[in-house]
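Reading through the structure tokens given below for one structure.
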Amino acid sequence: MNKVFNKKLQNLLFICSRNQWRSPTAEAIWRKDAFFQVRSAGTSPNARKTVSPADIRWTDVVFVMENKHKSRLTSKFARMLEHKPLFVLDIPDDYKYMDEELVTELKIKVTDILAVQ
């Protein structure tokens, strides 16, 4: 697979609601790739780790699990996100951490997006 961005190290941020299942799974998967630095966070005030302005400044690419996450991020960080690619993965909150189906879906969708960047 061709790596994205001319093999330059990139910072990826994965966002879900509570940072319990989906975004930590994505972080665990992509953390193993030497071409990326990865973080995960949630949009809810009750998230394990709530997304912060520092996360938005740090990231090169943002992945959200659902449209509602995109809406929350853009309403809170509109100016900071103006020049950052933001992708909606359309992955519902139907999985537990490292669920096989979730891992497969994340690998396929994220790899497809990164391959065309």
Side-chain angles (χ1 to χ4, degrees):
M1 172 186 124
N2 285 337
K3 290 293 175 190
V4 65
F5 310 116
N6 300 319
K7 299 189 184 278
K8 180 181 174 247
L9 180 68
Q10 293 292 297
N11 297 331
L12 308 180
L13 178 61
F14 292 94
I15 304 288
C16 64
S17 295
R18 294 184 36 152
N19 191 228
Q20 283 189 303
W21 311 122
R22 294 172 289 174
S23 57
T25 298
E27 180 180 10
I29 294 166
W30 294 99
R31 186 182 322 127
K32 298 172 186 170
D33 192 310
F35 291 103
F36 303 111
Q37 297 220 2
V38 186
R39 290 183 186 174
S40 67
T43 57
S44 168
N46 299 323
R48 200 172 47 92
K49 182 201 179 299
T50 303
V51 65
S52 70
D55 293 320
I56 303 299
R57 277 191 298 276
W58 169 86
T59 194
D60 297 309
V61 183
V62 180
F63 294 94
V64 297
M65 300 299 153
E66 300 176 62
N67 278 314
K68 67 182 179 182
H69 304 128
K70 178 180 179 178
S71 296
R72 291 174 190 160
L73 281 183
T74 54
S75 70
K76 190 170 182 179
F77 302 109
R79 299 213 16 115
M80 294 178 75
L81 288 165
E82 280 179 357
H83 302 290
K84 308 248 181 193
L86 191 153
F87 298 96
V88 179
L89 299 175
D90 289 318
I91 299 177
D93 194 8
D94 296 339
Y95 305 98
K96 296 292 185 193
Y97 180 71
M98 297 305 285
D99 180 292
E100 268 186 59
E101 285 183 42
L102 174 59
V103 169
T104 300
E105 193 167 352
L106 283 164
K107 284 182 178 178
I108 291 168
K109 290 184 175 186
V110 173
T111 299
D112 285 349
I113 291 167
L114 293 177
V116 298
Q117 289 297 297

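Values below: every heavy atom of this structure, side chains too, minus hydrogens, waters and symmetry copies. All figures in this text were calculated on a predicted structure; none of them were measured in a lab.
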### Message
Return the CG to NZ distance between L81 and K70, rounded to the nearest 0.5 Å.
### Response
10.0 Å
### Summary
CZ (F63) and CG (L86) are apart, to the nearest 0.5 Å, by 9.5 Å
### Message
Could you work out, with side-chain hydrogen bond (donor to acceptor under 3.5 Å, both in side chains) as the rule, every residue matching E105, not counting sequence neighbours?
### Response
Y95, K109
### Query
Can you pull the side-chain hydrogen bond (donor to acceptor under 3.5 Å, both in side chains) pairs that have at least one residue in residues 76-87, sequence neighbours excluded?
none
### Summary
For R48, the side-chain hydrogen bond (donor to acceptor under 3.5 Å, both in side chains) test, sequence neighbours excluded, returns N19
### Query
Just how far is it from atom CD of Q37 to atom CZ of R31, taken to the nearest 0.5 Å?
11.5 Å
### Task
Go through the structure and list residues passing side chain to side chain contact (heavy atoms under 4.5 Å, CB included) with R39, not counting sequence neighbours.
L13, D55, W58
### Task
For the pair F36 and W30, name the ring-plane relationship: parallel under 30°, tilted 30 to 60°, perpendicular over 60°.
perpendicular
### Summary
Those residues at least two apart in sequence (or on a different chain) that pass side chain to side chain contact (heavy atoms under 4.5 Å, CB included) with M98 are T25, A28, V103
### Message
Check for me, please, whether L114 and I29 land in the same ILVMFWY cluster - side-chain distances under 4.5 Å, paths through other members count.
### Response
yes
#### Entry: Value rounded to 0.5 Å, distance of OG1 in T74 from CE in M80
13.5 Å
### Query
Would you call R22-E66 a salt bridge at under 4.0 Å N-O?
yes
### Query
Who pairs with S71 by side-chain hydrogen bond (donor to acceptor under 3.5 Å, both in side chains), at least two apart in sequence or on another chain?
none
### Message
Could you report the tightest heavy-atom contact between C16 and M65, atom names first, then the distance?
### Response
CB-CG, 3.7 Å
